[in-house]
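Structure first, then comments.
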Amino acid sequence: MDMKWVETFLVAAKHENFRKTSELLFLSQPTVTAHIKHLERELGISFFKRSGRHVYLTEAGRRFVPHAEKLVESYYDEVQTLESFKQGFQRKITVAVAPYIASAILPRFLSSFLHRYPKIEVMINVVKSMEISSELESGRADGGLSRMPVSHAICKSILQDSVILAVPPSSKNESLFFSFSSAPVID
């Protein structure tokens with residue numbers, strides 16, 4: 001089974017229009033029709049009912065949509081895994097990271113991590129801190145970096161960011177600004 005046939009089927013199923021499918025996939029309309037016919041012939045079932053210029057999904061077509069989506073997703077996941085393997089990676093981890101951490105803190109740690117573990121491919125998924133928990137629970141991330149505790153996860157503080165207050169040496173407001181130093185430290 002050719003994966004292009006399945007991809008063509010999914011677009012055609014969504015739009016129930018072979019002309020629109022051909023435009024979206026940059027294929028000729030006869031090619032779209034051929035893809036669908038090849039797929040139907042290989043699986044031995046009709047996915048579309050044709051009525052003049054219109055096409056409609058059959059019950060079999062509606063039932064096949066979720067399976068076709070899984071096929072395509074699995075196929076491309078495996079292609080990506082093989083590509084990573086060809087590049088020398090033996091493992092892949094995905095880290096959900098809050099935006100501030102991704103831009104300000106992560107770069108200094110990532111370089112060191114990649115040097116220490118060169119055969120691990122690291123994917124960074126930048127999400128809001130409050131979304132990290134759902135990323136972990138759903139399996140879309142293997143770990144997360146946040147400035148706030150994450151529910152339903154084992155959490156460990158790995159960095160205490162210091163914030164340094166600076167004023168010019170001749171500032172009239174030096175005492176006012178340095179009164180901040182008596183305020184509680186925010187991690």
Side-chain angles (χ1 to χ4, degrees), residues 1-15 20-27 31-32 34-36 38-39 42-43 47 61-164 185-187:
M1 176 183 321
D2 188 325
M3 202 51 57
K4 293 285 183 203
W5 302 347
V6 180
E7 291 172 329
T8 301
F9 163 78
L10 286 171
V11 175
K14 179 178 180 181
H15 297 285
K20 184 162 182 94
T21 300
S22 71
E23 291 172 2
L24 291 170
L25 296 177
F26 302 102
L27 299 171
T31 301
V32 169
H35 283 187
I36 298 301
H38 288 309
L39 183 63
E42 182 156 325
L43 296 177
F47 293 127
R62 280 190 289 283
R63 288 176 178 246
F64 186 61
V65 168
H67 300 290
E69 290 170 339
K70 287 178 189 172
L71 273 171
V72 170
E73 182 181 348
S74 176
Y75 173 79
Y76 285 109
D77 284 349
E78 290 306 315
V79 167
Q80 184 179 5
T81 298
L82 287 171
E83 190 59 38
S84 294
F85 178 76
K86 283 189 333 189
Q87 293 177 20
F89 293 113
Q90 295 175 347
R91 188 171 170 205
K92 176 175 119 176
I93 61 170
T94 302
V95 184
V97 183
Y100 169 76
I101 294 173
S103 64
I105 298 171
L106 185 62
R108 60 182 157 172
F109 289 106
L110 193 55
S111 175
S112 173
F113 182 87
L114 294 174
H115 180 72
R116 188 171 178 190
Y117 301 100
K119 299 212 181 265
I120 296 179
E121 181 179 20
V122 180
M123 306 298 290
I124 305 299
N125 188 8
V126 180
V127 298
K128 295 177 183 173
S129 290
M130 60 197 81
E131 295 172 359
I132 291 176
S133 181
S134 65
E135 293 291 303
L136 296 173
E137 288 175 18
S138 69
R140 289 187 301 268
D142 302 300
L145 295 172
S146 175
R147 295 184 73 190
M148 55 192 277
V150 176
S151 61
H152 309 294
I154 300 169
C155 296
K156 179 180 179 184
S157 179
I158 60 169
L159 176 71
Q160 285 190 326
D161 239 359
S162 60
V163 176
I164 298 174
V185 174
I186 300 171
D187 287 345

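Values reported hereafter were calculated over all heavy atoms of this structure, with side chains retained and with hydrogens, waters and symmetry mates removed. Positions are given from 1 along the sequence.
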* Asked: Can Val122 and Tyr117 be said to form a side-chain contact (heavy atoms from CB on, under 4.5 Å), step by step?
  -> CA-CA 10 Å; Val122 180; Tyr117 301 100; over 6 Å; no
* **Separation of Lys14 NZ from Lys20 NZ (nearest 0.5 Å)** => 9.0 Å
* To do: Spell out, as yes or no, whether a donor-acceptor pair under 3.5 Å connects the side chain of Asn125 to the backbone of Val95.
  => no
* Asked: Could you state the interatomic distance from CZ (Phe64) to CZ (Phe47), rounded to the nearest 0.5 Å?
  -> 4.5 Å
* Asked: Counting heavy atoms not belonging to Arg62, are there more than 12 under 6.0 Å from its CZ?
  -> yes
* Asked: Can a salt bridge be assigned to the pair Glu83 and Lys86 using a cut-off of 4.0 Å between side-chain N and carboxylate O?
  -> yes
* Structure fact -> When every non-hydrogen atom of Leu39 is compared with those of Val6, the smallest separation belongs to CD1-CG2, 4.2 Å
* Evaluate the side-chain contact (heavy atoms from CB on, under 4.5 Å) criterion for residues Leu24 and His15: first the C-alpha distance (whole Å), next the side-chain angles of each, then the deciding distance (0.1 Å), finally the verdict. => CA-CA 10 Å; Leu24 291 170; His15 297 285; 3.3 Å; yes
* Donor-acceptor under 3.5 Å (Ser134 side chain, Glu131 main chain) -> yes
* Is there a donor-acceptor pair under 3.5 Å between the side chain of Ser111 and the backbone N or O of Arg108? -> no
* Heavy-atom closest pair, residues Ala102 and Pro107 -> O-CD, 3.5 Å
* Structure fact -> Residues pairing under side chain to side chain donor-acceptor pair (under 3.5 Å) where one sits in residues 66-76, two or more places apart or in two chains, turn out to be Glu7-Tyr76
* Would you say the side-chain atoms of Thr31 pair up with the backbone N or O of Leu27, donor to acceptor, closer than 3.5 Å? -> no
* Quick check: are there more than 12 heavy atoms from other residues, nucleotides or ligands sitting under 6.0 Å from CZ of Arg91? -> no
* Where Asp142 and Ile93 come nearest, the two heavy atoms and their spacing -> OD2-CA, 3.2 Å
* Structure fact -> So the ring-ring contact (aromatic ring centres under 6.0 Å, His included) pairs with at least one residue in residues 124-150 (sequence neighbours excluded) are none
* **Partners meeting salt bridge (Lys or Arg N to Asp or Glu O under 4.0 Å) with Glu137 (sequence neighbours left out)** => none
* **Least distance between heavy atoms, Ala13 atom then Val65 atom** => CB-CG2, 3.9 Å
* To the nearest 0.5 Å, what is the distance between NE2 (His35) and CG (Asp2)? -> 6.5 Å
* Asked: Once you round to the nearest 0.5 Å, how far does OH of Tyr100 lie from CG of Leu145?
  -> 13.0 Å
* Asked: So, the side chain of Glu42 versus the backbone of Met1: is there a donor-acceptor pair under 3.5 Å, distance only?
  -> yes
* To do: Calculate, to the nearest 0.5 Å, the distance between atoms NZ and OG1 belonging to Lys92 and Thr81 respectively.
  => 6.0 Å
* To do: Would you check, one step at a time, whether the test side-chain contact (heavy atoms from CB on, under 4.5 Å) holds for Ile36 with Trp5?
  => CA-CA 6 Å; Ile36 298 301; Trp5 302 347; over 6 Å; no
* To do: Provide the closest heavy-atom pair for Gly144 versus Ile132 in the form atom of the first, atom of the second, distance.
  => CA-CG2, 4.0 Å
* Structure fact -> Nearest heavy-atom approach of Leu106 to Ile124 is CD2-CD1, 3.7 Å
